[in-house]
Amino acid sequence: MLSIGVLGTAKNTGKTTTVNALLKCLAGKSLAITSIGFDGEDLDHITGLPKPKVVVEEGTVVATNEQVAKHSTAKLQLLRKLNIATAFGPVCLYKVRQSGTVVLVGPNNSEDLLVLKDVLKSEQIEIFLVDGAINRVVPLQHVEFVILALGASRSTSIAVLLTEARVIAKALRLPLSEDDRKVIEGLVSQDKLKSLWNERITVESPMHLLLAEDLAGLERLLDKIDIAVLRRPELICVTINPYYPVRRMEGFALDHVDLTELSRTIEQELNVPCLDVMKEEERLCRIVEEKIRGLK
């Protein structure tokens, strides 16, 4: 089974749009999906603007909570209840019997995600999609591939978004630990890193470094400290969403900024595909298909 995580750097960065595009790209395969935490509200609770919903086709396996599953429009057949707790109750496994939208509440820690992966392997799932976000990023250490969803809702500054993409890509490309180093377990703050200035260290994963707000500061530390990781997913592409909410007299509305130059710069500087899913869905499909074929 191959697992792909979609990592949004903030709300409204296009994560759900990317997930829906992946579901369409991978239609015909044995698919499963969950979310690290909650995904599927109708409206953004800050702006009041409608949010895209995850759309699943017949045959897809969905891991979500029983209470929130009732708010899905997809017809779901309960397969089994899992020993994975959430704030809403246990996670259950469903098979989609009629396509529609689905509300996702999945495992919120690394151990539970591993439990779910084992269950899905036993169900002969080929591709497992994991909807994640930067504030609940650690479980994504256990996926094989990750797609980074950037958006103007995070910042309309191209410089800020480029720094964000560069630092995350740099963390995801830290070398795997192969020698005797000092192992640092758990989340690693920038203050902790500064205290290890002259050490050769291994951290559990890049995700254990990515909780800092000051990404420029993290980049300086990554450049100067000898850091390796025990595990990491491979960054296969970056998606960008040019739309962002702005407050008007009558409430919030969407505006947009041209991110063409950002996309071009990310591809050139970071050597990773960068695309607007709304305009380049077929390209996303090709990128993912090529990655899957490369593993066979």
Side-chain angles (χ1 to χ4, degrees), residues 1-10 13-19 21-23 25-26 33 35-36 110 113 117 127-151 154-155 158 160-177 188 202-212 215-216 218-219 221-223 227-241 259 262-277 280-281 283-295:
M1 185 181 74
L2 175 70
S3 54
I4 304 173
V6 179
L7 171 59
T9 58
T13 58
K15 179 167 57 71
T16 302
T17 301
T18 300
V19 167
L22 287 171
L23 286 165
C25 293
L26 299 167
I33 186 168
S35 174
I36 304 299
S110 297
L113 184 66
K117 286 184 72 174
I127 310 287
F128 177 33
L129 298 181
V130 183
D131 182 340
I134 197 72
N135 60 349
R136 35 191 164 101
V137 66
V138 172
L140 291 184
Q141 66 177 305
H142 294 300
V143 300
E144 282 76 34
F145 297 106
V146 68
I147 295 173
L148 178 62
L150 292 179
R154 172 73 163 173
S155 172
I158 289 178
V160 169
L161 294 176
L162 179 59
T163 297
E164 189 171 60
R166 188 175 61 243
V167 176
I168 294 173
K170 190 172 288 187
L172 289 169
R173 291 168 174 169
L174 287 169
L176 291 171
S177 182
V188 185
T202 295
V203 301
E204 293 183 58
S205 81
M207 282 54 188
H208 289 77
L209 299 167
L210 290 177
L211 300 176
L215 289 178
L218 176 59
E219 184 175 33
L221 293 168
L222 293 178
D223 287 339
I227 307 175
V229 296
L230 294 177
R231 66 191 77 85
R232 54 169 160 73
E234 177 186 341
L235 176 64
I236 55 176
C237 69
V238 177
T239 63
I240 54 172
N241 175 17
L259 296 181
L262 173 67
S263 181
R264 189 179 300 120
T265 305
I266 286 174
E267 294 202 343
Q268 291 174 348
E269 289 192 11
L270 307 185
N271 192 29
V272 65
C274 182
L275 54 141
D276 180 342
V277 175
E280 301 175 273
E281 185 177 297
R283 186 181 175 209
L284 175 67
C285 294
R286 288 198 301 274
I287 290 168
V288 174
E289 284 290 348
E290 286 172 8
K291 186 58 64 178
I292 294 171
R293 277 200 304 273
L295 294 175

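We use all heavy atoms of the structure for the numbers below, so side chains are in, but hydrogens, waters and symmetry mates are not.
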Donor-acceptor contact below 3.5 Å, side chain Glu164 vs main chain Val160: no
Atom pair OG1/CG of Thr9 and Asn241 - distance to nearest 0.5 Å: 10.0 Å
Full working for side chain to side chain contact (heavy atoms under 4.5 Å, CB included) between Val143 and Ile4: CA-CA 6 Å; Val143 300; Ile4 304 173; over 6 Å; no
Donor-acceptor contact present, side-chain Arg232 to main-chain Leu174, <3.5 Å: yes
Test: Lys117 and Glu144 ion pair at under 4.0 Å: yes
Exercise: identify the closest heavy-atom pair between Gly8 and Lys15: N-CD, 3.6 Å
Non-hydrogen atoms of Leu284 and Thr18 that approach each other most closely: CD2-O, 4.3 Å
Separation between CD1 of Ile36 and CG of Asp131, rounded to the nearest 0.5 Å: 8.5 Å
Straight-line distance of Gln268 CD to Thr265 OG1, nearest 0.5 Å: 6.0 Å
Interatomic spacing from CZ in Arg231 to OG in Ser110 - rounded to 0.5 Å: 8.0 Å
Leu215 CG to Leu209 CG distance, which is reported to the nearest 0.5 Å: 11.0 Å
Heavy-atom side-chain contact between Ile227 and Val203 under 4.5 Å: yes
pair Met207-Pro233: side-chain heavy atoms closer than 4.5 Å: yes
From CA spacing to verdict: side chain to side chain contact (heavy atoms under 4.5 Å, CB included), Asp223, Lys170: CA-CA 9 Å; Asp223 287 339; Lys170 190 172 288 187; 2.9 Å; yes
Ser35 side chain near Arg136 side chain, heavy-atom distance below 4.5 Å: yes
Non-hydrogen atoms of Ala21 and Val277 that approach each other most closely: CB-CG1, 3.4 Å
Shortest non-hydrogen contact between Leu140 and Gly132, atoms and distance: CD1-CA, 4.3 Å
4.5 Å side-chain heavy-atom contact, His208 and Val137: no
Heavy-atom closest contact (Ile236 atom, Ile287 atom, distance): O-CG2, 4.0 Å
Asn271, CG: over 12 other non-hydrogen atoms inside 6.0 angstrom: no
Distance in Å, Leu162 CG paired with Ser263 OG, rounded so as to fall on 0.5 Å steps: 11.0 Å
Cys237/Cys274 sulfur gamma separation below 2.5 Å: no
Among Thr13, Ile240, Val6, Ile168, side chain to side chain contact (heavy atoms under 4.5 Å, CB included) partner for Leu148: Ile168
Test side chain to side chain contact (heavy atoms under 4.5 Å, CB included) applied to Leu259 and Asp276, step by step: CA-CA 9 Å; Leu259 296 181; Asp276 180 342; over 6 Å; no
Check: Ile292 and Ile127 side chains under 4.5 Å, non-hydrogen atoms: yes
Leu22 vs Ile33 side-chain heavy atoms within contact, under 4.5 Å: no
Nearest heavy atoms of Leu210 and Ala171, plus distance in Å: CD2-CB, 3.9 Å
